[in-house]
Amino acid sequence: MEKLKIEGGFPLAGSLRVQGAKNAILPILAASILNGGKTVLFDCPYISDVEISERILRELGVTTKREAETFMVDSSSLNGYEISEDLMREMRSSIVFLGAILAKMGRARLSMPGGCELGPRPIDLHLKALRQMGVIVVEEHGFMDCHAEKLHGAKIYLDFPSVGATENIMLAAVLAEGETVIANAAKEPEIVDLQDFLNSMGAKITGAGGSVICIEGVKKLHDAEYRIMPDRIVAATYLAAACITKSEIELVNVRSTHIESILSVLSDMGSKLFVETTRVIHIPGKRIHSVGTVRTMPYPGFPTDAQSPFMAVSTLAQGSSIFIENIFESRYKHVGELIRMGADITVDGSVAVVRGVPRLTGARVAAMDLRGGAALAVAALAAEGTTEITGVHYIDRGYERIEENLSSLGAKITREDEICPQKRR
Ligand code: UD1
(Lines give C-alpha, C1' and ligand atoms only; values in the text may rest on other atoms or scores of the structure.)
Protein backbone atom coordinates (compact mmCIF):
# COMPACT_ATOMS: atom_id res chain seq x y z
CA MET A 1 0.00 0.00 0.00
CA GLU A 2 1.55 3.24 -1.10
CA LYS A 3 1.04 6.65 0.40
CA LEU A 4 1.85 10.21 -0.55
CA LYS A 5 3.67 12.30 2.01
CA ILE A 6 3.29 16.04 1.51
CA GLU A 7 4.96 18.76 3.53
CA GLY A 8 2.72 21.77 3.11
CA GLY A 9 3.36 25.48 2.97
CA PHE A 10 5.74 25.71 0.03
CA PRO A 11 4.70 27.83 -2.94
CA LEU A 12 4.73 26.29 -6.41
CA ALA A 13 6.51 27.81 -9.40
CA GLY A 14 7.29 26.86 -12.96
CA SER A 15 5.65 25.25 -15.93
CA LEU A 16 3.86 21.94 -16.39
CA ARG A 17 2.65 20.12 -19.47
CA VAL A 18 -0.82 18.65 -18.99
CA GLN A 19 -1.23 14.93 -19.78
CA GLY A 20 -3.64 13.44 -22.31
CA ALA A 21 -7.21 13.15 -21.05
CA LYS A 22 -8.30 10.04 -19.17
CA ASN A 23 -11.92 10.45 -20.15
CA ALA A 24 -10.98 10.78 -23.82
CA ILE A 25 -8.48 7.91 -24.06
CA LEU A 26 -10.80 5.34 -22.42
CA PRO A 27 -13.61 5.46 -25.04
CA ILE A 28 -11.01 5.89 -27.80
CA LEU A 29 -9.26 2.68 -26.69
CA ALA A 30 -12.65 0.95 -26.87
CA ALA A 31 -13.16 2.47 -30.33
CA SER A 32 -9.80 1.12 -31.49
CA ILE A 33 -11.31 -2.37 -31.87
CA LEU A 34 -13.73 -1.11 -34.53
CA ASN A 35 -11.33 -0.82 -37.49
CA GLY A 36 -10.04 -4.39 -37.30
CA GLY A 37 -6.64 -2.90 -38.00
CA LYS A 38 -3.97 -0.59 -36.63
CA THR A 39 -4.43 2.46 -34.43
CA VAL A 40 -1.67 4.72 -33.10
CA LEU A 41 -2.58 7.04 -30.24
CA PHE A 42 -0.31 9.88 -29.15
CA ASP A 43 -0.28 11.53 -25.73
CA CYS A 44 -1.63 8.45 -24.00
CA PRO A 45 -1.26 9.11 -20.25
CA TYR A 46 0.45 6.70 -17.83
CA ILE A 47 -2.52 6.06 -15.55
CA SER A 48 -3.91 2.84 -14.15
CA ASP A 49 -7.25 3.17 -15.98
CA VAL A 50 -5.32 2.92 -19.26
CA GLU A 51 -3.55 -0.20 -17.95
CA ILE A 52 -6.94 -1.76 -17.18
CA SER A 53 -8.21 -0.86 -20.66
CA GLU A 54 -5.10 -2.47 -22.09
CA ARG A 55 -5.85 -5.65 -20.13
CA ILE A 56 -9.41 -5.60 -21.50
CA LEU A 57 -8.12 -5.20 -25.06
CA ARG A 58 -5.76 -8.15 -24.58
CA GLU A 59 -8.55 -10.24 -23.09
CA LEU A 60 -10.48 -9.55 -26.30
CA GLY A 61 -7.57 -10.92 -28.34
CA VAL A 62 -6.25 -7.54 -29.44
CA THR A 63 -2.50 -6.77 -29.62
CA THR A 64 -1.26 -3.66 -27.83
CA LYS A 65 2.12 -1.99 -27.49
CA ARG A 66 3.31 1.15 -25.76
CA GLU A 67 6.35 3.30 -26.50
CA ALA A 68 6.53 6.24 -24.09
CA GLU A 69 3.33 8.26 -24.63
CA THR A 70 2.45 6.43 -27.85
CA PHE A 71 -0.02 3.57 -27.60
CA MET A 72 -0.48 1.14 -30.47
CA VAL A 73 -3.41 -1.20 -31.01
CA ASP A 74 -3.79 -3.92 -33.63
CA SER A 75 -7.35 -5.21 -33.51
CA SER A 76 -7.10 -7.52 -36.54
CA SER A 77 -6.92 -10.47 -34.12
CA LEU A 78 -10.02 -9.47 -32.08
CA ASN A 79 -11.82 -12.67 -31.13
CA GLY A 80 -13.40 -12.16 -27.70
CA TYR A 81 -16.68 -10.67 -26.59
CA GLU A 82 -16.41 -10.99 -22.81
CA ILE A 83 -14.91 -8.72 -20.14
CA SER A 84 -14.06 -10.58 -16.95
CA GLU A 85 -15.78 -9.58 -13.73
CA ASP A 86 -12.46 -8.55 -12.14
CA LEU A 87 -11.75 -5.96 -14.83
CA MET A 88 -15.33 -4.65 -14.76
CA ARG A 89 -15.03 -4.26 -11.00
CA GLU A 90 -11.68 -2.49 -11.24
CA MET A 91 -13.00 0.11 -13.65
CA ARG A 92 -16.72 0.80 -13.90
CA SER A 93 -16.21 2.82 -17.07
CA SER A 94 -15.25 -0.42 -18.88
CA ILE A 95 -18.96 -0.35 -19.75
CA VAL A 96 -17.92 1.88 -22.66
CA PHE A 97 -16.52 -1.24 -24.37
CA LEU A 98 -20.06 -2.63 -24.66
CA GLY A 99 -21.11 -0.72 -27.79
CA ALA A 100 -17.81 -1.38 -29.56
CA ILE A 101 -17.75 -5.13 -28.79
CA LEU A 102 -21.36 -5.48 -29.98
CA ALA A 103 -20.59 -3.60 -33.18
CA LYS A 104 -17.74 -5.96 -34.04
CA MET A 105 -18.77 -9.29 -32.54
CA GLY A 106 -22.59 -9.15 -32.48
CA ARG A 107 -22.40 -10.33 -28.88
CA ALA A 108 -21.04 -8.96 -25.61
CA ARG A 109 -20.96 -10.43 -22.12
CA LEU A 110 -20.08 -8.10 -19.24
CA SER A 111 -20.76 -8.19 -15.52
CA MET A 112 -23.17 -5.54 -14.25
CA PRO A 113 -21.22 -2.44 -13.12
CA GLY A 114 -23.15 -2.20 -9.81
CA GLY A 115 -22.19 0.41 -7.21
CA CYS A 116 -18.91 2.26 -7.17
CA GLU A 117 -17.13 4.83 -5.05
CA LEU A 118 -19.40 7.57 -6.45
CA GLY A 119 -22.60 5.75 -5.48
CA PRO A 120 -24.86 3.71 -7.74
CA ARG A 121 -23.87 4.02 -11.39
CA PRO A 122 -26.86 2.90 -13.41
CA ILE A 123 -26.58 1.99 -17.10
CA ASP A 124 -30.29 2.05 -17.94
CA LEU A 125 -29.78 4.78 -20.57
CA HIS A 126 -27.04 2.75 -22.28
CA LEU A 127 -29.20 -0.38 -22.42
CA LYS A 128 -32.40 1.41 -23.49
CA ALA A 129 -30.57 2.99 -26.43
CA LEU A 130 -28.85 -0.25 -27.47
CA ARG A 131 -32.21 -2.05 -27.37
CA GLN A 132 -33.54 0.61 -29.76
CA MET A 133 -30.68 -0.33 -32.08
CA GLY A 134 -31.67 -4.00 -32.13
CA VAL A 135 -29.75 -5.40 -29.18
CA ILE A 136 -31.31 -8.10 -27.02
CA VAL A 137 -30.12 -7.78 -23.45
CA VAL A 138 -30.42 -10.64 -20.97
CA GLU A 139 -29.56 -9.68 -17.40
CA GLU A 140 -28.90 -12.76 -15.25
CA HIS A 141 -26.69 -13.71 -12.30
CA GLY A 142 -25.06 -10.28 -12.24
CA PHE A 143 -24.12 -10.47 -15.93
CA MET A 144 -25.44 -8.81 -19.08
CA ASP A 145 -25.49 -11.00 -22.12
CA CYS A 146 -26.14 -8.85 -25.18
CA HIS A 147 -26.80 -10.07 -28.71
CA ALA A 148 -27.48 -8.25 -31.93
CA GLU A 149 -27.76 -10.08 -35.22
CA LYS A 150 -27.57 -6.76 -36.97
CA LEU A 151 -27.29 -3.35 -35.33
CA HIS A 152 -29.44 -0.72 -37.00
CA GLY A 153 -29.64 3.05 -36.67
CA ALA A 154 -32.29 4.61 -34.42
CA LYS A 155 -33.56 7.95 -33.16
CA ILE A 156 -32.52 8.03 -29.53
CA TYR A 157 -33.51 10.60 -26.93
CA LEU A 158 -31.44 10.50 -23.76
CA ASP A 159 -33.42 11.42 -20.62
CA PHE A 160 -30.14 12.79 -19.23
CA PRO A 161 -27.06 13.80 -21.27
CA SER A 162 -24.99 10.88 -19.99
CA VAL A 163 -21.37 10.92 -21.17
CA GLY A 164 -20.96 7.14 -21.12
CA ALA A 165 -24.32 6.45 -22.81
CA THR A 166 -23.59 8.97 -25.58
CA GLU A 167 -20.20 7.29 -26.18
CA ASN A 168 -21.63 3.77 -26.16
CA ILE A 169 -24.28 4.72 -28.70
CA MET A 170 -21.70 6.38 -30.96
CA LEU A 171 -19.51 3.26 -30.78
CA ALA A 172 -22.41 0.95 -31.56
CA ALA A 173 -23.71 3.18 -34.36
CA VAL A 174 -20.61 3.76 -36.53
CA LEU A 175 -20.85 0.35 -38.21
CA ALA A 176 -24.65 -0.06 -37.86
CA GLU A 177 -27.00 -0.05 -40.82
CA GLY A 178 -28.54 3.37 -41.42
CA GLU A 179 -28.48 6.59 -39.44
CA THR A 180 -28.51 7.07 -35.67
CA VAL A 181 -29.53 10.37 -34.15
CA ILE A 182 -28.80 11.06 -30.47
CA ALA A 183 -30.90 13.90 -29.03
CA ASN A 184 -29.98 15.44 -25.67
CA ALA A 185 -26.49 14.01 -26.15
CA ALA A 186 -23.68 14.86 -23.72
CA LYS A 187 -21.68 17.86 -24.97
CA GLU A 188 -18.42 17.18 -23.15
CA PRO A 189 -15.19 17.86 -25.11
CA GLU A 190 -14.30 14.16 -24.74
CA ILE A 191 -17.35 13.37 -26.93
CA VAL A 192 -15.92 15.66 -29.61
CA ASP A 193 -12.56 13.87 -29.27
CA LEU A 194 -14.29 10.51 -29.76
CA GLN A 195 -16.13 11.85 -32.83
CA ASP A 196 -12.89 13.22 -34.30
CA PHE A 197 -11.07 9.95 -33.66
CA LEU A 198 -13.86 7.84 -35.18
CA ASN A 199 -14.03 10.15 -38.20
CA SER A 200 -10.26 9.80 -38.62
CA MET A 201 -10.97 6.03 -39.07
CA GLY A 202 -13.60 6.76 -41.73
CA ALA A 203 -16.77 7.10 -39.61
CA LYS A 204 -19.42 9.66 -40.57
CA ILE A 205 -20.36 11.53 -37.42
CA THR A 206 -21.46 15.14 -37.06
CA GLY A 207 -22.78 17.29 -34.26
CA ALA A 208 -20.61 16.27 -31.27
CA GLY A 209 -20.23 19.17 -28.86
CA GLY A 210 -23.89 20.07 -29.49
CA SER A 211 -26.95 18.32 -28.17
CA VAL A 212 -27.78 16.42 -31.39
CA ILE A 213 -25.27 13.94 -32.82
CA CYS A 214 -25.85 12.18 -36.16
CA ILE A 215 -24.01 8.99 -37.03
CA GLU A 216 -24.36 7.57 -40.51
CA GLY A 217 -23.34 3.93 -40.41
CA VAL A 218 -20.46 2.90 -42.68
CA LYS A 219 -19.45 -0.59 -43.81
CA LYS A 220 -15.76 -0.43 -42.94
CA LEU A 221 -13.25 1.65 -41.01
CA HIS A 222 -9.53 1.97 -41.68
CA ASP A 223 -6.26 2.41 -39.74
CA ALA A 224 -5.84 5.68 -37.86
CA GLU A 225 -3.40 7.87 -35.96
CA TYR A 226 -4.72 10.33 -33.41
CA ARG A 227 -3.52 12.67 -30.65
CA ILE A 228 -5.58 12.57 -27.43
CA MET A 229 -6.90 15.92 -26.17
CA PRO A 230 -5.38 17.42 -22.99
CA ASP A 231 -7.00 16.50 -19.68
CA ARG A 232 -9.16 19.42 -18.54
CA ILE A 233 -9.69 17.97 -15.04
CA VAL A 234 -5.96 17.49 -14.48
CA ALA A 235 -5.48 21.11 -15.63
CA ALA A 236 -8.20 22.20 -13.19
CA THR A 237 -6.52 20.27 -10.35
CA TYR A 238 -3.10 21.89 -10.91
CA LEU A 239 -4.76 25.31 -11.14
CA ALA A 240 -6.51 24.57 -7.82
CA ALA A 241 -3.09 23.64 -6.39
CA ALA A 242 -1.68 26.97 -7.62
CA CYS A 243 -4.59 28.91 -6.17
CA ILE A 244 -4.47 27.32 -2.69
CA THR A 245 -0.67 27.80 -2.46
CA LYS A 246 -0.91 31.36 -3.86
CA SER A 247 1.53 30.46 -6.63
CA GLU A 248 2.35 31.58 -10.12
CA ILE A 249 2.49 28.61 -12.49
CA GLU A 250 2.13 28.02 -16.20
CA LEU A 251 0.23 25.12 -17.72
CA VAL A 252 0.91 24.15 -21.32
CA ASN A 253 -0.98 21.65 -23.47
CA VAL A 254 -4.30 23.00 -22.24
CA ARG A 255 -7.36 23.81 -24.33
CA SER A 256 -8.48 26.91 -22.53
CA THR A 257 -11.97 26.81 -24.10
CA HIS A 258 -12.51 23.48 -22.27
CA ILE A 259 -11.92 25.00 -18.83
CA GLU A 260 -13.88 28.24 -19.02
CA SER A 261 -16.10 27.36 -16.03
CA ILE A 262 -12.95 26.58 -14.01
CA LEU A 263 -11.23 29.82 -15.02
CA SER A 264 -14.36 31.77 -14.08
CA VAL A 265 -14.39 30.25 -10.56
CA LEU A 266 -10.65 30.93 -10.16
CA SER A 267 -11.18 34.51 -11.16
CA ASP A 268 -14.02 34.79 -8.59
CA MET A 269 -11.53 33.46 -6.03
CA GLY A 270 -9.22 36.40 -6.80
CA SER A 271 -6.70 34.72 -9.14
CA LYS A 272 -5.49 36.52 -12.24
CA LEU A 273 -5.27 34.41 -15.36
CA PHE A 274 -3.30 34.90 -18.50
CA VAL A 275 -5.11 32.75 -21.04
CA GLU A 276 -4.04 31.67 -24.53
CA THR A 277 -5.53 28.91 -26.69
CA THR A 278 -3.20 26.19 -25.36
CA ARG A 279 -1.59 27.85 -22.34
CA VAL A 280 -2.74 29.31 -19.02
CA ILE A 281 -0.70 31.25 -16.48
CA HIS A 282 -2.11 31.45 -12.96
CA ILE A 283 -1.17 34.54 -10.97
CA PRO A 284 -2.35 34.45 -7.36
CA GLY A 285 -4.49 37.08 -5.71
CA LYS A 286 -3.49 38.52 -2.31
CA ARG A 287 -6.07 36.32 -0.61
CA ILE A 288 -8.51 33.60 -1.69
CA HIS A 289 -12.10 34.86 -1.95
CA SER A 290 -15.04 32.56 -1.30
CA VAL A 291 -16.86 31.50 -4.46
CA GLY A 292 -20.52 31.98 -3.57
CA THR A 293 -22.26 28.95 -5.04
CA VAL A 294 -20.71 26.31 -7.32
CA ARG A 295 -23.22 24.00 -9.01
CA THR A 296 -21.88 20.93 -10.81
CA MET A 297 -23.55 20.56 -14.19
CA PRO A 298 -23.08 18.74 -17.48
CA TYR A 299 -20.62 20.54 -19.80
CA PRO A 300 -20.24 23.49 -20.31
CA GLY A 301 -21.23 23.82 -16.64
CA PHE A 302 -18.79 23.37 -13.76
CA PRO A 303 -17.56 19.73 -13.90
CA THR A 304 -18.41 17.36 -11.08
CA ASP A 305 -14.84 16.05 -11.37
CA ALA A 306 -13.45 19.46 -10.34
CA GLN A 307 -15.80 19.87 -7.37
CA SER A 308 -13.50 18.28 -4.78
CA PRO A 309 -10.23 20.07 -5.71
CA PHE A 310 -12.06 23.39 -5.65
CA MET A 311 -13.73 22.57 -2.37
CA ALA A 312 -10.22 22.01 -1.00
CA VAL A 313 -9.25 25.52 -2.13
CA SER A 314 -12.38 27.07 -0.64
CA THR A 315 -11.53 25.67 2.82
CA LEU A 316 -8.91 28.45 3.04
CA ALA A 317 -11.02 31.18 1.43
CA GLN A 318 -12.27 34.29 3.21
CA GLY A 319 -15.95 33.64 3.86
CA SER A 320 -18.32 30.81 3.01
CA SER A 321 -18.77 28.87 -0.24
CA ILE A 322 -21.59 26.56 -1.21
CA PHE A 323 -21.18 23.50 -3.44
CA ILE A 324 -24.20 21.77 -4.96
CA GLU A 325 -23.42 18.36 -6.45
CA ASN A 326 -25.99 17.66 -9.15
CA ILE A 327 -24.37 14.77 -11.03
CA PHE A 328 -23.38 11.98 -8.63
CA GLU A 329 -24.48 10.82 -5.20
CA SER A 330 -21.71 10.04 -2.69
CA ARG A 331 -19.32 12.56 -4.10
CA TYR A 332 -18.46 14.15 -0.76
CA LYS A 333 -16.26 11.38 0.64
CA HIS A 334 -13.32 13.80 0.79
CA VAL A 335 -15.23 16.07 3.20
CA GLY A 336 -14.55 14.00 6.34
CA GLU A 337 -10.84 13.90 5.44
CA LEU A 338 -10.69 17.67 4.82
CA ILE A 339 -12.32 18.16 8.23
CA ARG A 340 -9.53 16.05 9.78
CA MET A 341 -7.17 18.65 8.32
CA GLY A 342 -9.05 21.47 10.04
CA ALA A 343 -11.63 22.41 7.39
CA ASP A 344 -15.08 23.61 8.43
CA ILE A 345 -17.61 21.91 6.14
CA THR A 346 -21.17 20.71 6.62
CA VAL A 347 -23.00 18.51 4.15
CA ASP A 348 -26.73 18.13 3.77
CA GLY A 349 -27.61 15.81 0.90
CA SER A 350 -26.18 17.28 -2.27
CA VAL A 351 -25.24 20.61 -0.62
CA ALA A 352 -21.93 21.30 1.10
CA VAL A 353 -21.31 24.54 2.97
CA VAL A 354 -17.63 25.41 3.38
CA ARG A 355 -16.73 28.11 5.89
CA GLY A 356 -13.19 29.31 5.22
CA VAL A 357 -10.67 28.78 8.03
CA PRO A 358 -7.33 30.60 8.52
CA ARG A 359 -5.26 27.41 8.29
CA LEU A 360 -5.30 23.69 7.62
CA THR A 361 -3.01 21.29 9.45
CA GLY A 362 -1.37 18.15 8.06
CA ALA A 363 -2.97 14.84 9.07
CA ARG A 364 -3.18 11.19 8.04
CA VAL A 365 -6.02 11.02 5.53
CA ALA A 366 -7.38 8.49 3.06
CA ALA A 367 -8.29 8.99 -0.60
CA MET A 368 -11.62 7.26 -1.23
CA ASP A 369 -12.06 8.12 -4.88
CA LEU A 370 -9.98 9.58 -7.69
CA ARG A 371 -10.87 13.28 -7.57
CA GLY A 372 -11.43 13.29 -3.81
CA GLY A 373 -7.88 11.95 -3.46
CA ALA A 374 -6.54 14.74 -5.66
CA ALA A 375 -8.43 17.25 -3.49
CA LEU A 376 -6.57 15.96 -0.41
CA ALA A 377 -3.25 16.50 -2.20
CA VAL A 378 -4.34 20.06 -3.08
CA ALA A 379 -5.27 20.77 0.55
CA ALA A 380 -2.04 19.18 1.83
CA LEU A 381 0.10 21.53 -0.29
CA ALA A 382 -1.20 24.46 1.75
CA ALA A 383 -1.56 22.75 5.15
CA GLU A 384 0.87 23.36 8.00
CA GLY A 385 3.07 20.31 8.59
CA THR A 386 2.96 16.93 6.92
CA THR A 387 -0.03 15.14 5.41
CA GLU A 388 0.00 11.44 4.59
CA ILE A 389 -2.51 10.30 2.00
CA THR A 390 -3.32 6.60 1.71
CA GLY A 391 -5.47 5.11 -1.06
CA VAL A 392 -3.04 6.49 -3.66
CA HIS A 393 -4.22 3.87 -6.18
CA TYR A 394 -7.37 5.96 -6.60
CA ILE A 395 -5.29 9.01 -7.55
CA ASP A 396 -3.17 6.89 -9.92
CA ARG A 397 -6.33 6.02 -11.87
CA GLY A 398 -6.31 9.47 -13.44
CA TYR A 399 -3.18 11.47 -12.56
CA GLU A 400 0.06 10.61 -14.29
CA ARG A 401 3.03 10.73 -11.86
CA ILE A 402 1.37 13.26 -9.56
CA GLU A 403 4.32 13.37 -7.16
CA GLU A 404 6.84 13.99 -9.97
CA ASN A 405 4.71 16.74 -11.50
CA LEU A 406 4.13 18.51 -8.20
CA SER A 407 7.81 18.10 -7.21
CA SER A 408 8.84 19.67 -10.51
CA LEU A 409 6.83 22.72 -9.41
CA GLY A 410 8.65 22.83 -6.05
CA ALA A 411 6.21 20.89 -3.85
CA LYS A 412 7.64 18.72 -1.07
CA ILE A 413 5.98 15.44 -1.95
CA THR A 414 7.17 11.85 -1.90
CA ARG A 415 5.59 8.48 -2.55
CA GLU A 416 6.34 5.85 0.02
CA ASP A 417 5.43 2.28 0.66
CA GLU A 418 3.09 2.17 3.66
CA ILE A 419 4.50 -1.11 5.00
CA CYS A 420 8.15 -1.12 3.88
CA PRO A 421 9.41 2.44 3.42
CA GLN A 422 12.94 1.10 2.74
CA LYS A 423 11.72 -0.45 -0.54
CA ARG A 424 11.52 2.94 -2.20
CA ARG A 425 14.78 4.37 -0.85
C1 UD1 B 1 -18.20 10.32 -17.10
C2 UD1 B 1 -16.79 10.52 -16.66
C3 UD1 B 1 -16.72 10.98 -15.21
C4 UD1 B 1 -17.57 12.22 -15.04
C5 UD1 B 1 -18.98 11.99 -15.56
C6 UD1 B 1 -19.84 13.24 -15.54
C7 UD1 B 1 -15.57 8.92 -17.98
C8 UD1 B 1 -14.75 7.67 -18.02
N9 UD1 B 1 -16.08 9.27 -16.79
O10 UD1 B 1 -18.77 9.28 -16.29
O11 UD1 B 1 -15.36 11.28 -14.90
O12 UD1 B 1 -17.64 12.52 -13.66
O13 UD1 B 1 -18.93 11.54 -16.93
O14 UD1 B 1 -19.23 14.26 -16.24
O15 UD1 B 1 -15.70 9.61 -18.98
N16 UD1 B 1 -26.89 7.91 -15.39
C17 UD1 B 1 -28.07 7.19 -15.33
N18 UD1 B 1 -28.26 6.17 -16.21
C19 UD1 B 1 -27.33 5.84 -17.15
C20 UD1 B 1 -26.14 6.59 -17.21
C21 UD1 B 1 -25.94 7.61 -16.32
O22 UD1 B 1 -28.92 7.45 -14.49
O23 UD1 B 1 -27.57 4.90 -17.92
C24 UD1 B 1 -26.66 9.01 -14.42
C25 UD1 B 1 -25.48 8.72 -13.49
O26 UD1 B 1 -25.87 7.94 -12.40
C27 UD1 B 1 -25.05 10.10 -13.10
C28 UD1 B 1 -25.33 10.92 -14.35
O29 UD1 B 1 -26.26 10.16 -15.13
O30 UD1 B 1 -25.85 10.56 -12.04
C31 UD1 B 1 -24.11 11.25 -15.17
O32 UD1 B 1 -23.48 10.06 -15.55
P33 UD1 B 1 -22.63 9.93 -16.87
O34 UD1 B 1 -22.63 11.23 -17.61
O35 UD1 B 1 -23.08 8.72 -17.60
O36 UD1 B 1 -21.18 9.69 -16.30
P37 UD1 B 1 -20.13 8.59 -16.72
O38 UD1 B 1 -20.14 8.41 -18.20
O39 UD1 B 1 -20.30 7.40 -15.85
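Whatever order the structure lists them in is the order used to number ligands and atoms, beginning at 1. Computed from a prediction, not measured in an experiment: that's the story for all the values here.
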- Task: Please could you name the atoms of ligand 1 that Gly164 approaches to less than 4.0 Å, counting only its heavy atoms?
- Result: 35 (O), 38 (O)
- Locate the shortest heavy-atom distance separating Pro230 from Ala21; write the atom from each residue and the value. O-CB, 3.7 Å
- Task: Please determine which of Lys150, Lys219, His152 meets the side chain to side chain donor-acceptor pair (under 3.5 Å) test together with Glu177.
- Result: Lys150
- Query: Which of these, Asn168, Thr296, Ile233, Val163, has its nearest heavy atom closest to atom 34 (O) of ligand 1?
  - Reply: Val163
- Task: Run the contact test for Glu190 against ligand 1 with a 4.0 Å cut-off on heavy atoms, strictly below, and give the result.
- Result: no
- Assess the pair Phe310 and Phe323: is the distance between their ring centroids shorter than 6.0 Å? no
- Item | Numbering as shown, the atoms of ligand 1 that approach Ile123 to under 4.0 Å (heavy-atom distance) | 19 (C), 23 (O)
- For ligand 1, which atoms have a heavy atom of Ser93 less than 4.0 angstrom away? 8 (C)
- Backbone, side chain, both or neither: what part of Ile327 comes under 4.0 angstrom of ligand 1, heavy atoms only? both
- ligand 1 and Ala165, any nitrogen or oxygen pair closer than 3.5 angstrom? no
- Task: Compute the minimum heavy-atom distance from Ala186 to ligand 1 and say whether it is under 4.0 Å.
- Result: no
- Here the gap from Ile327 atom CD1 to Arg295 atom CZ, rounded to the nearest 0.5 Å, amounts to 12.5 Å
- Query: Which of the numbered atoms in ligand 1 are below 4.0 angstrom from a heavy atom of Arg331?
  - Reply: 12 (O)
- Kindly compute the distance separating CG (Asp396) from OH (Tyr46), expressed to the nearest 0.5 Å. 14.5 Å
- Message: Just to be sure I read this right, does ligand 1 sit under 4.0 Å from the backbone of Leu125, its side chain, both, or neither, counting only heavy atoms?
- Response: both
- Do you know which two heavy atoms are closest between Pro303 and Thr296, and how far apart they sit? O-CG2, 4.2 Å
- Mind checking whether Ser162 has an N or O less than 3.5 Å away from an N or O of ligand 1? yes
- Query: Below 3.5 angstrom, do we get any N/O pair linking Asp124 and ligand 1?
  - Reply: yes
- Query: Can Glu225 and Ser200 be counted as having a side-chain donor-acceptor contact under 3.5 angstrom?
  - Reply: no
- Do Thr39 and Asn35 meet the criterion of a side-chain donor-acceptor pair at a distance under 3.5 Å? yes
- Is there any N or O on Phe160 that sits under 3.5 Å from an N or O of ligand 1? no
- Query: Atom OG of Ser93 and atom CZ of Arg397: how far apart are they, to the nearest 0.5 Å?
  - Reply: 6.0 Å
- Task: Looking only at distances, please establish whether an N/O atom of ligand 1 is found under 3.5 Å from an N/O atom of Asn23.
- Result: yes
